[in-house]
Amino acid sequence: MADCLFCKIIDGQIPTVKKVHDDALCIGFLDINPQAPTHILFVPKRHIATLNDCTTEDRELMGHLIFAAAKVAREKGVGETGYRTVMNCNRDAGQTVFHIHLHLLAGRPLTWPPG
Ligand code: 5GP
Ligand code: ZN
């Protein structure tokens with residue numbers, strides 16, 4: 001999608017991005033404004049604006065994002081200490097980029113409930 005920041009990152013138009021994962025379905029890269037020592041975004045290569053726009057055809061893709069995050073978490077050495085995966089949807093959850101992405105947060109104790 002032409003005006004989408006994450007589509008541009010996927011297309012390689014923003015070379016400063018620090019990619020940590022790349023496969024046929026998604027990429028993972030460091031968040032520009034990290035909220036924890038490890039903060040990585042997993043983004044499907046196909047543009048989907050919000051979780052509301054996912055269909056049953058995206059089941060495998062959504063599972064794939066979670067497995068990619070868990071794999072990278074283990075590689076980064078936070079599998080045992082723990083981590084959080086979260087996907088924000090629309091205003092009340094604070095979604096700011098309208099191309100779905102799974103946050104992987106780790107490296108410090110994360111409070112619950114979230115703010
Ligand atoms: P949301 O608030 O939509 O769930 O998450 C969007 C995330 O994208 C935020 O954590 C924000 O810091 C991150 N972000 C926004 N613009 C950029 C960018 O240009 N590069 C990277 N690496 N992350 C970005
Ligand atoms: Zn997009």
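For clarity, every value in this text was computed on a predicted model and none was experimentally measured. One-based numbering, in listed order, for ligands and for the atoms of each.
- Atom NZ of K76 sits about 11.0 Å away from atom NZ of K71, to the nearest 0.5 Å.
- Hydrophobic clustering (side-chain heavy atoms under 4.5 Å, transitive across Ile, Leu, Val, Met, Phe, Trp, Tyr) keeps I32 apart from V86.
- Ranking protein heavy atoms by distance to atom 16 (N) of ligand 1, first place goes to L5 CD2, 3.3 Å.
- Close N/O approach between H101 and ligand 1 is found [any backbone or side-chain N/O within under 3.5 Å].
- Looking at N90, L41, L105, it is L41 that brings a heavy atom closest to atom 8 (O) of ligand 1.
- When side chains are defined from C-beta on, N90 counts as touching F98, because their heavy atoms get closer than 4.5 Å.
- Here H47 pairs with H99 under the side-chain hydrogen bond (donor to acceptor under 3.5 Å, both in side chains) rule; sequence neighbours left out.
- Using a 4.0 Å cut-off between heavy atoms, H103 contacts ligand 1 through its side chain alone, with no backbone atom that close.
- Using modelled atom types and a 3.5 Å distance limit, the side chains of H64 and D23 yield a donor-acceptor pair.
- If you take OG1 on T55 and CG on L61, they are separated by 9.5 Å, rounding to the nearest 0.5 Å.
- For ligand 1, the polar-atom distance check finds an N/O of V97 within less than 3.5 Å of one of the ligand's N/O atoms.
- Numbered from 1 in the order shown, with element, the atoms of ligand 1 that lie under 4.0 Å from a heavy atom of N33 read 12 (O).
- The shortest N or O to N or O distance between F29 and ligand 1 is not under 3.5 Å.
- Those atoms of ligand 1 with a heavy atom of F6 less than 4.0 angstrom away are 8 (O).
- Here the protein heavy atom with the shortest distance to atom 23 (N) of ligand 1 is I32 N, 3.3 Å.
- Polar contact check, H39 against ligand 1: no nitrogen or oxygen pair lies under 3.5 Å apart.
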